[in-house]
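Everything below concerns the one structure shown next.
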Amino acid sequence: MSEIKVLIVDDEVEFAEALAERLELRGFQLETVDCGRDGLAALSTGALPDVILLDLKMPDMSGFEVLVEVKEKHPSIEVIMLTGHGAVSGGIDSMERGAFDFIMKPVDLDELMEKIKLAYDKRGSTG
Amino acid sequence: MSNYFSKFNHFISNFLDGVDKGENYKHFRLMLYGAMFIIFFVPLLLATGLSSLEHKKLLAVREQEQLKASVEGAQKTIGAFIHELRSVVRFVSREYSYEELLDQNNASELFAHLKNQYPGFVDFGVIGPSGIQKVYAGPFRLEGYDYSEQDWYTKVLVRQLYISDVFMGYRKLPHFVIAVSNKLPGKEEYWVLRLSIDYETLQNYVVTVSTSAIQDIFLVNNKGLLQTRSNIFGEILEPCPFYTHYKQGETIANVDEYKGIKYLRSYVQINDSPWMVVMLKESYMHGENWSSFRFRLRMIFFGCTVLALVVIVQLVNTITNRLREADEKQNQALTEAQFTNKFASIGRLAAGVAHEINNPLAIIDQKAGLMTDLLEFSEEFDHKGKLTKSVESILDAVQRCKVITHRLLGFARRMDVTFEHIDISDLLREVLGFLEQEALYNRIRFELSFAENLPMVFSDRGQLQQIFLNIINNAIDAIGKDGLITLSADLYDEENIDVNIQDTGPGMSSEIVKRIFDPFFTTKELGKGTGLGLSITYGLAQKLGGNITVESKVGEGTIFTVRLPINDTRKEGNFNE
């Protein structure tokens, strides 16, 4: 299996970096940015990620806005939303706008990896 | 009056505003008692008093009329007797000449004839112009007696016919005289025919007209001396204290007292005689019948008053209690609303805190995770094992924190009233999660027994959580230390589900059970319980269309049963009443 390319977009840099490093240790190819704009910018340069882990609440652009733009420009990229606990409705809303799935913080790593792999598989089958 | 009215208004408005309520109930109660008593008592008193007075007046008038009729009857009877006597005397004086009567034989024969007809005649005399009795027929020897100085003789010369009072006279026996004077033909001289009548004759007539309804009947002359015997005033010729001058022809009836007894008295003059007939009757108004009537009337009045008092007390108590209950309900609703608000505020605050903690917690979680990963991939070094264990401890702590923040967030989310389909057994397990720690410290075990295939309940999660939290918390408090709380849920019928919370606490007496849901009622120590928990819980269960019942036995424990409708037919919109 080729390395799955994952982009983490989260303003909590410490969280994003730790998560990225752990995923890298498990064979994923990671890139992190700390805001929505940088996330969108990352998509216009270099190789496109397979899956984006996108925080719902960010100061510059909300996860929703970034999601809509990503799906518009790159419908083949799967997006998994990161939400605060209890924000189920936010997660469901995101899925209605094209997100593959959502996962609540604090994140269970095994569950997350499972979801990333499912998203990647879906991408592979459709794209 | 308007002053009182404004005071009343002021009082009512104060009362309704809830100023000084405890005291006001007392005043309100007293005021109602007063008002209702006046409303009832015054008309009753007026009705009883007036009807009694009117009745008395009517009876008095009727009684007087009856007595008047009786005395007038007696007047006519005795008057007829007198009239007959007068006719006899007139007849004799017209039929017989002076000369004829001077013959003793004629006189004796005539007297015998008269005596035969009227046994009351005592004697008979013819008195010459000089006043000397010329002829006498009768049992006494009275020939030659001089009557010229006697009162009646003078009067008969003036009036031609005269009836005397009853007097003793020469015979020393009570009698009366009827005499007639006649002119001697051709002379200016008069002779007199005199007949004496025994007073017993008069007495017999009086007795004849007497009836059992009257106490006394007698004759009295215009000097106030008794002319016949009186049952009350004594023998003849004794003075009668009732004697009153009065207008001729008038019948008088009035009430007077004699020897402590009130008599109704009526009297009237007998025509062409010197006598008045007097009748006395014990007044009904002052007699036993009237007293017993008045006694009965008073008893009825008293009975009515007692009955009214009972009704008034009952009514006033009911009204005041209803008012108090309504007030208490209002207070309870208010307190409940405040409590719920407070609860909701705490929930929101907790949610905010939990949310803020959640982000750093996610960082700690990932950093510690990373550390574990790195430790796993690194070579052995000093303290690697200890480090790994420490990181695992951090991860455990994070896990615990996660559970807490999840619960807080979940709890807060449920503060908003929303109906949803809820699995009661899940909900109960969730609630127990909050209480596990406390139960553990107190060595209290939980036992769960839920019926299989319990349907989902359409209700409000937050409210249900609060209901069970309160009841289970109370069960823990009741047990204190070492005990068992059994939670069970089963279908009650097709539409309701029963959740039983049974504890092995000390139980409660029936008096306490009766008041257990009353607001501000608590058996906990001062300052430990508000007495609102179960009251609010009960209110919540009712709002959700269910109810709560309690069974308890001292020494055995308590069972709370929460009955919930499976599908609350009331929609969300109707919830916030």
Side-chain angles (χ1 to χ4, degrees), chain A residues 3 6-35 53-60 62-63 80-93 102-116, chain B residues 344 347-379 388 391-392 394-416 418 420-422 426 430 433 461-462 465:
Chain A
E3 280 186 351
V6 180
L7 172 66
I8 301 179
V9 185
D10 195 327
D11 59 323
E12 286 282 357
V13 180
E14 293 285 337
F15 168 79
E17 281 179 354
L19 184 62
E21 215 167 319
R22 294 186 75 194
L23 286 172
E24 273 173 356
L25 282 172
R26 284 163 176 77
F28 294 87
Q29 194 183 322
L30 262 294
E31 194 181 337
T32 61
V33 289
D34 65 357
C35 65
L53 299 182
L54 179 57
D55 190 19
L56 198 61
K57 269 180 145 182
M58 286 182 297
D60 64 336
S62 81
I80 295 172
M81 303 300 290
L82 296 168
T83 68
H85 182 81
V88 180
S89 58
I92 292 168
D93 285 350
F102 68 95
I103 188 160
M104 286 187 281
K105 283 182 181 177
V107 178
D108 183 84
L109 198 64
D110 294 336
E111 192 189 338
L112 179 64
M113 288 199 308
E114 191 65 28
K115 286 189 176 180
I116 293 172
Chain B
R348 277 191 283 275
L349 184 70
V353 171
H355 200 82
E356 288 308 311
I357 288 173
N358 220 24
N359 282 332
L361 206 58
I363 296 167
I364 297 169
D365 186 40
Q366 287 312 320
K367 292 285 182 191
L370 181 59
M371 280 160 81
T372 318
D373 289 351
L374 293 174
L375 282 168
E376 217 170 282
F377 291 114
S378 67
E379 308 256 316
T388 309
V391 177
E392 274 167 8
I394 292 172
L395 282 171
D396 278 350
V398 167
Q399 198 56 39
R400 274 170 58 194
C401 286
K402 259 159 100 178
V403 172
I404 294 167
T405 54
H406 284 200
R407 267 188 204 148
L408 281 174
L409 283 165
F411 190 69
R413 205 172 59 239
R414 286 157 206 160
M415 281 299 100
D416 303 323
T418 45
E420 58 188 299
H421 290 285
I422 297 159
D426 277 356
E430 220 170 78
R461 185 178 285 275
Q465 214 167 24

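Chain letters run A, B, ... following the sequence lines, proteins first and then strands; every chain starts at 1.
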Charged N to carboxylate O under 4.0 angstrom, Arg26(A) versus Asp373(B)?
yes
In this structure, CG of Asp55(A) is separated from CG of Asn359(B) (nearest 0.5 Å) by 7.5 Å
Okay, Glu12(A) and chain B: the region with an atom under 4.5 Å from a heavy atom over there is side chain
On a heavy-atom basis, the closest approach of Leu370(B) and Leu25(A) is CD1-CD1, 4.1 Å
CD (Glu17(A)) and NZ (Lys367(B)) are apart, to the nearest 0.5 Å, by 6.0 Å
Between Pro106(A) and Asn358(B), the two heavy atoms sitting closest are CD-OD1, 3.5 Å
Distance col, row Ile363(B):CD1 vs Glu14(A):CD, nearest 0.5 angstrom, shows 6.5 Å
Between the CZ atom in Arg22(A) and the CD atom in Gln366(B), the distance rounded to the nearest 0.5 Å is 5.0 Å
